[in-house]
Every structure is written in structure tokens, then in C-alpha cells.
Amino acid sequence: DSCYSEAKSLVGVVSSNIKYWDFIGPFLSGKMEVDGDPLAQYGGVHEAHKRYVLGKPTYISELMANGVVKWQRIEANGKGVLDLTPDVNWNDLLASLGSYGVMEWQGWIVGEFSVHESGQFLVQCPGFHTVYVDGQILASDIYGRTQFWFPVKLTAGVHNLTIHVKAKARMSLQCQLKSGASLRYELLSPSFVPDLVQGRVVGQYIALPVSNYMSDNWLNGVKVRVLGKPSVLAVKADGIASIAQIGRAV
């Protein structure tokens, strides 16, 4: 407990960025609808990473000149941005196959982060539809928008963040973490607002994005109240709604 308290006083309750990542790849990549996980036959990425911790396993990859890949440890920059540039001779592959499709690859990255006090935390990894925290699947945002955060409950200690990465030649990514203990929900700025014509709102709806940051509870009793003169806002909003946990199926 004293170690956690000391770490909390120095860097806060959670590491804001992940400095070191373990990368396995590149492997050939197919289309999203029919693609497979190259590590599935080895028990999946979590089992494969355990073997890496215990030894130095290698895996077959047609993209490499020697036909095999192994885990690599890669350091992110000072802002937590990780640059993935596999050591592949893309020019030779392009010349031999005559298709840019050969430059599309996939792989896995695993990063460790420390939590210094048990509680609820928010994770953000723009550009991916899902990530895994200690093997638990967590929604993300494949469109790369940075206003969305996704909640998870964690105990004090060291945890793993795992991502299935897909790219063409190279890619950059950044994952951030922060405490969500004091934040139950957040009203976000809408990406667009309705038009006003002669002082009246065009259409019947106004979209108000709301994020529920409680990882295991619905946000109940959500109610919208409209302020303003009827000639300016001719909208009724007297219903009560409930919002599911973000990233959960409803």
C-alpha cells in the first residue's frame, strides 16, 4: 500500500500514457469480413504473450524475408504516440506481386500500465473499434474521434491493454488513460446543429450526445428542458430517457 501511495503522489492514480508496447507482426491481412487472427492457433494473443514473457517464440509470416516474426518491444515518444513501422522490404514485395494490397498487414500490441488506487477509469484509443483490458473487451471509436472515453473498473496493480492493429505499410497510434472516479456522465458538443430559418428550428430533432461513464450502471432519469421563447425554439422535450453503459450492447 505504501508503494501505491508513493506512486500516486508522483504520477497520479493511473499512468496517463503507455511508454512501452510489445508488438507481434506483421502478418498478412485479409478483408475485414473474412479475415482471421494469425495467433488463434496458438491460443490467441493473450496466451501468445504469456509465452513471450516466458521465452522467445517465433511465428510464421509470409511478409518477412526469413519467413518468421517474433515479439518486439517498442517505445512510444514523450507524448505517448507509438509509431509502428515493420522492418519489411515493401519494394521487393510490390515488384514481385504487382499489387499494393501486399502492404496491408495485421498484428497485435500489448502495453502495460499501472493503477495506484482501485476505482473506475477511462480509456481512449482512437482509431480502433475494440480494445482489451486484461482480456476484457472494451469498446473504442474506429473513427478516431477524441471526445469519447470508455469506462472500466480496475484494482490497484499492473494491467495490460491489448489491441489488434491493421495498417498499410506503417501506422501511428496513441492510447490515453485517466481517472473516472468523479465523472458519471458528460454532455458532449454535437458534431452538427440544426439550421435556423426565420427564427425557427428546421426539423423535429436536436441531437445531444451524452456519454455514460458508469461502467456497470445505466444513466437513468435523463431529461431535456428547453429554454427560450416559443418563437425561437418550437421544440418539446418533456420525455425521460435512460442511457446504457457506453460500449455495452442494449
Side-chain angles (χ1 to χ4, degrees), residues 1-25 37 39 44-54 70-85 106-142 144-167 171-184 186 211-216 245-248:
D1 290 345
S2 61
C3 293
Y4 288 138
S5 298
E6 180 67 18
K8 179 182 175 182
S9 65
L10 293 174
V11 297
V13 296
V14 65
S15 309
S16 59
N17 292 303
I18 296 177
K19 186 173 180 62
Y20 295 100
W21 294 85
D22 295 329
F23 169 65
I24 184 66
D37 177 11
L39 297 183
V45 62
H46 305 295
E47 289 298 321
H49 192 253
K50 289 178 184 177
R51 294 191 184 96
Y52 163 62
V53 174
L54 298 174
K70 60 183 179 180
W71 288 94
Q72 308 171 55
R73 176 149 289 191
I74 304 176
E75 183 178 358
N77 66 19
K79 295 182 178 180
V81 177
L82 178 69
D83 184 45
L84 287 178
T85 308
Q106 63 172 309
W108 287 90
I109 57 172
V110 182
E112 287 187 347
F113 64 95
S114 56
V115 170
H116 311 129
E117 182 179 88
S118 300
Q120 183 163 278
F121 298 88
L122 301 177
V123 181
Q124 183 186 83
C125 296
F128 302 97
H129 55 74
T130 49
V131 299
Y132 298 85
V133 178
D134 295 338
Q136 173 186 347
I137 191 169
L138 190 67
S140 188
D141 184 14
I142 195 172
R145 295 167 295 188
T146 57
Q147 70 264 44
F148 296 114
W149 294 78
F150 301 87
V152 61
K153 281 190 173 180
L154 298 170
T155 58
V158 178
H159 301 269
N160 284 336
L161 179 61
T162 305
I163 307 175
H164 188 193
V165 295
K166 301 187 73 171
M171 74 177 305
S172 295
L173 62 98
Q174 181 184 31
C175 288
Q176 299 184 82
L177 304 105
K178 66 180 181 180
S179 173
S182 60
L183 195 59
R184 296 176 62 244
E186 184 178 11
S211 286
N212 176 9
Y213 290 140
M214 296 182 288
S215 59
D216 53 6
Q245 305 95 313
I246 190 168
R248 303 294 181 89

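Position 1 is the first residue of the sequence; numbering continues from there.
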Exercise for the section: Looking only at non-hydrogen atoms, find the nearest pair between Leu122 and Gly180 and report the distance. Expected result: CG-CA, 4.0 Å
Problem - Backbone of Leu39 reached by a side-chain donor or acceptor of Asp37 within 3.5 Å - result: yes
Handout entry: Ile163: which of Ile109, Leu82, Val45 passes side chain to side chain contact (heavy atoms under 4.5 Å, CB included)
Key = Ile109
Exercise for the section: Would you give the length of the straight line joining atom OG of Ser16 to atom NZ of Lys178, rounded to the nearest 0.5 angstrom? Expected result: 11.5 Å
Practice task
Output the distance between atom CG (Leu154) and atom CG (Asp134), rounded to the nearest 0.5 Å.
Solution key: 6.5 Å
Handout entry: Note, Trp108 side chain near Phe23 side chain (heavy atom, < 4.5 Å)
Key = no
Exercise for the section: Of all the heavy-atom pairs spanning Gly111 and Ile18, show the shortest one and how long it is. Expected result: CA-CG2, 3.9 Å
Exercise for the section: Find out whether Ser114 and His116 are in side-chain contact, i.e. whether some heavy atom of one side chain is under 4.5 Å from a heavy atom of the other. Expected result: yes
Exercise for the section: Applying ring pair (Phe, Tyr, Trp, His ring centres under 6.0 Å), name anything that partners Phe128, two or more places apart in sequence or on another chain. Expected result: none
Practice task
For the residue pair Val81 and Leu173, establish whether any side-chain heavy-atom pair is separated by less than 4.5 Å.
Solution key: no
Exercise for the section: Report the C-alpha distance between His49 and Trp71 in whole Å, list the side-chain angles of each, state the deciding distance to 0.1 Å, and finish with yes or no for ring pair (Phe, Tyr, Trp, His ring centres under 6.0 Å). Expected result: CA-CA 8 Å; His49 192 253; Trp71 288 94; 5.0 Å; yes
Completion exercise
The reported gap from NZ in Lys153 to CE in Met214 (rounded to nearest 0.5 angstrom) is 10.0 Å
Exercise for the section: Kindly determine whether Glu186 and Tyr213 satisfy side-chain hydrogen bond (donor to acceptor under 3.5 Å, both in side chains), including the steps that lead there. Expected result: CA-CA 8 Å; Glu186 184 178 11; Tyr213 290 140; 2.7 Å; yes
Exercise for the section: Taking Ser140 for its side chain and Val131 for its backbone only, find out whether a donor-acceptor pair lies under 3.5 Å. Expected result: no
Completion exercise
Taking every heavy atom of Ser118 against every heavy atom of Thr155, the minimum-distance pair comes out as OG-CA, 3.3 Å
Practice task
Any salt bridge (charged side-chain N to carboxylate O under 4.0 Å, His left out) involving residues 13-25? Give me the pairs, sequence neighbours left out, ordered by first then second residue.
Solution key: Lys19-Glu75, Asp22-Arg73
Problem - Test item: Phe121 and Val115 side chains (from C-beta on) under 4.5 Å apart, heavy atoms - result: yes
Handout entry: Asn160 and Thr162 side chains, donor-acceptor separation under 3.5 Å
Key = no
Exercise for the section: Could you pull out the closest heavy-atom pair between Gly80 and Gln174, with the gap in Å? Expected result: O-CG, 3.6 Å
Handout entry: Donor-acceptor under 3.5 Å (Gln124 side chain, Phe148 main chain)
Key = yes
Problem - Gln120 and Ser215: side chain donor to acceptor below 3.5 Å - result: yes
Handout entry: side chain to side chain donor-acceptor pair (under 3.5 Å) partners of Gln106, counting only residues at least two apart
Key = Asp35, His164
Practice task
State, to 0.1 Å, how close Lys79 and Asn17 come at their nearest heavy-atom pair, and which atoms those are.
Solution key: O-ND2, 3.6 Å
Problem - Set of ring pair (Phe, Tyr, Trp, His ring centres under 6.0 Å) partners for His159, sequence neighbours left out - result: Phe113
Exercise for the section: Apply side chain to side chain donor-acceptor pair (under 3.5 Å) to Arg145 and list each qualifying residue two or more places apart in sequence or on a separate chain. Expected result: Asp141
Practice task
Mind checking ring pair (Phe, Tyr, Trp, His ring centres under 6.0 Å) for Trp21 and listing every partner two or more places apart, or none if nothing turns up?
Solution key: none
Exercise for the section: Write down the atom of Pro151, the atom of Leu138, and the distance for their closest heavy-atom approach. Expected result: O-CD1, 3.3 Å
